[in-house]
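In listed order, ligands and their atoms are each counted from 1.
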Amino acid sequence: MHNRIESVEQYKSSYHSSLNESESYWSKVADTFTWKKEWNSVTSGNFEELNVKWFDGAKLNITENCLDRHVQNHPDKIAIYWEPNDPSDLAISFTYAEVLEQVNKFSNVLVENGVNKGDRVCFYMSMIPELLFGVLACARVGAVHSVVFGGFSAKALAGRVSDCKAKLLITNDQAYRGTKIIPLKKIVDEAIQGCESVEKVLVFNRTGAEVPMTEGRDIWLNDLLAQASDTFRPVEMNAEDPLFILYTSGSTGTPKGLQHTTAGYMVWASETFKNVFQAGKNDVYWCSADIGWITGHSYIAYGPMLNGVTQVMFEGVPTFPDPSRFWQVCDKYKVSHFYTAPTAIRALEACGPEHVEKADLSSLKVLGTVGEPINEDAWNWYNEKVGKKKCPIVDTWWQTETGGIMISSLAGVTPSIPCHATLPLPGVEPVLVNDKGEKIEGNPAQGNLCINRPWPGMARTIYGDHERYRQTYFSTYPGKYFTGDGARRDDDGNYRITGRVDDVINVSGHRIGTAEVEDVIDEHPEVVEAAVVGFPHDIKGQGIMAYIIPKNTNDSDNEGIFELLNEMITKDIGPIAKLDRIVLANDLPKTRSGKIMRRILRKVAAGEFDQLGDISTLLNPEAVESIIEKVKAQ
Ligand code: 7RM
């Protein structure tokens with residue numbers, strides 16, 4: 001393995017040279033990977049023209065870096081300990097040599113089923129090894145993977161499959177999720193009706209359920225894999241060829257397909273994993289995320305594999321069969337590095353200390369958190385009950401768009417500060433700007449978090465809509481990438497992320513656009529107008545609340561509307577976007593130009609009735625009084 005940052009001094013000098021001698025810094029880093037051909041230029045392009053390229057001219061296959069080079073050095077090292085949903089089911093492990101074999105088989109299956117370089121392949125699967133193998137197989141054959149989280153609805157799946165014009169859809173019969181069974185194939189059948197691009201559906205048999213198979217379209221993946229050859233020559237890719245598309249929600253419109261490319265993403269996922277987690281040769285790393293989210297892409301499928309690390313892959317949920325499951329899995333595999341989300345920490349804390357106390361947990365060395373701001377109570381509980389105050393906590397701030405971690409302490413190397421992501425990684429130049437876009441100099445400071453220059457792991461575009469990419473991220477503060485987050489910087493330059501400053505709600509670490517939810521609610525015939533906002537929620541971080549003006553002002557006529565709206569939301573988006581609360585209002589506060597004042601709705605939802613600011617300039621100040629009354633009465 002190549003050099004990693006191992007002291008504060010080394011962090012400072014690396015950070016400095018990554019910005020001031022960027023070309024030589026990144027070319028030294030890149031030298032440690034396997035290439036088919038070297039790059040012509042380390043970095044080119046800028047945010048103005050939005051033509052960013054890294055390692056342009058180079059040729060490579062990312063899976064040779066994830067697999068082949070480790071198989072040469074340590075073929076028999078465990079790559080994956082796969083832990084099934086039900087602890088009494090069979091756990092399986094795969095060495096690096098075995099993962100390579102599986103990925104080769106899967107690659108042959110893809111090619112035999114018509115997948116060519118550049119084609120999009122969509123995955124709608126649960127956390128079974130075949131999802132990981134399939135994703136890597138796409139990369140090996142040069143196809144672009146687009147993983148859709150198995151909790152999304154048929155309609156949400158259809159939207160994503162159609163947007164990226166996937167040729168192949170890969171799923172399993174059903175998914176085990178705690179006590180629940182998710183009928184993935186059935187949802188696929190419903191989704192696929194409007195998806196003209198899809199030629200075939202490959203179905204992995206996980207639960208053995210009877211599922212209808214459409215002749216000429218659906219094929220059992222198990223059979224194909226069983227017959228496939230276990231050798232495959234990786235396809236040579238250009239540095240800037242697309243690697244994957246992943247959909248994420250923003251403040252407006254439908255979810256955006258962020259497109260990441262090959263070489264820059266590889267270098268970023270690998271370097272950030274190595275420096276942040278500091279996992280050694282004999283360590284066991286476990287990231288509890290689903291591969292359907294960016295965390296699972298960068299810190300299950302790619303980062304750890306690029307570093308040749310042993311990791312746990314978990315099919316289940318934190319509370320099944322009981323709330324000690326995470327800790328039992330840590331003990332079972334002697335997990336040394338554990339990476340999870342604040343929402344999981346809070347949910348497990350709420351189940352009581354006995355579950356964590358009965359576990360040993362002495363193997364743990366490093367704890368990580370990601371997905372949303374972590375509150376002090378959850379941080380302390382994680383530190384004391386899980387880490388026994390001896391494990392550094394890395395609070396890793398990043399986004400789907402950034403490809404990998406941007407701001408974080410380095411475990412055991414730079415100091416952890418409760419609830420602070422702390423310092424930018426090499427190559428990351430954060431800036432705080434005020435609402436006018438002016439850079440806030442000096443410390444302490446608070447403002448909108450932007451990134452001032454391109455970094456290797458950044459998304460290159462929104463699939464099929466480069467203009468939307470520019471508009472969404474580079475137009476608010478020209479010349480800068482705007483993250484959508486607010487942040488504070490302390491006297492020593494440490495960042496604390498305060499949360500979204502746009503119309504994105506972060507529910508249990510999942511991004512939900514208020515506009516998406518409003519669109520569903522507006523379909524309801526009895527709804528005149530709706531506004532959706534986030535509010536503080538003890539477990540989820542943020543909950544979703546809808547203010548609704550119903551056609552019918554008689555309350556008894558609106559009975560059941562909450563349940564009905566949630567059914568609609570579950571059908572159109574998925575259960576993760578369900579409302580926690582609704583308020584039926586006669587009127588919503590608006591500006592004189594007719595815009596709903598979400599700022600006020602958010603304050604009211606949070607119960608901050610005396611912090612509404614000046615409401616006298618509103619078109620209808622009396623609307624505020626009336627919603628306050630309704631909320632107080634809840
Ligand atoms: C990795 C991921 C991105 C949004 C981001 C933030 C929030 C993520 C942290 C965080 C505070 C953190 N990608 N966020 N990590 N907020 N501290 N350590 O979650 O695209 O799904 O979400 O998540 O608001 O903009 S994501």
Flag Gln399 as yes when one of its N or O atoms lies below 3.5 Å from any N or O atom of ligand 1, and as no otherwise. yes
Lys256: which of Asp465, Ile462, Thr400 passes side chain to side chain contact (heavy atoms under 4.5 Å, CB included): Ile462
Among non-hydrogen protein atoms, atom 5 (C) of ligand 1 lies closest to Asp485 OD2, 3.1 Å
So the atoms of ligand 1 within less than 4.0 Å of a heavy atom of Ile497 turn out to be 11 (C), 16 (N)
Under the side chain to side chain donor-acceptor pair (under 3.5 Å) test against Tyr339, which residue among Thr369, Thr396, Thr295 passes? Thr396
Flag yes if more than 12 heavy atoms outside Lys390 fall under 6.0 Å of its NZ atom; otherwise flag no. yes
Answer with yes or no after comparing the ring centroid distance for Trp286 and Tyr81 against a 6.0 Å cut-off, counting only values under it. no
Give the atom numbers and elements of ligand 1 that come within less than 4.0 Å of a heavy atom of Thr295. 1 (C)
Do me a favour and list the nearest non-hydrogen protein atom to atom 2 (C) of ligand 1 with residue, atom name and distance? Trp398 O, 3.7 Å
Do Tyr247 and Tyr463 have ring centroids that are under 6.0 Å from one another? no
Consider ligand 1: state whether an atom of it lies below 4.0 angstrom from any non-hydrogen atom of Gly371. yes
Asn506 and ligand 1 - part of the residue with a heavy-atom distance under 4.0 Å: side chain
Number the atoms of ligand 1 from 1 as they appear, then name those within less than 4.0 Å of a heavy atom of Asp395, with their elements. 12 (C), 17 (N), 18 (N)
Between Glu429 and Arg453, does any side-chain N to carboxylate O distance fall below 4.0 Å? yes
So is there a nitrogen or oxygen of Thr396 less than 3.5 Å from a nitrogen or oxygen in ligand 1? yes
When you measure from the side chain of Arg468 to the backbone of Thr461, do you find a donor-acceptor pair of N or O atoms at a distance under 3.5 Å? no
Is the shortest N/O to N/O distance between Thr400 and ligand 1 below 3.5 Å? yes
Counting from 1 in the order shown, the ligand 1 atoms closer than 4.0 Å to a non-hydrogen atom of Val370 are 1 (C)
Please say which of Arg500, Lys540, Arg346 ends up in a salt bridge (charged side-chain N to carboxylate O under 4.0 Å, His left out) with Glu372. Arg346
Quick one: which ligand 1 atoms are inside 4.0 Å of a heavy atom on Arg500? 5 (C), 24 (O), 25 (O)
His297 and its ring pair (Phe, Tyr, Trp, His ring centres under 6.0 Å) partner, picked from Tyr302, Trp398, Phe244: Phe244
Nearest to atom 17 (N) of ligand 1 by heavy atom, Glu372, Arg511, His510, Gln542: which? Glu372
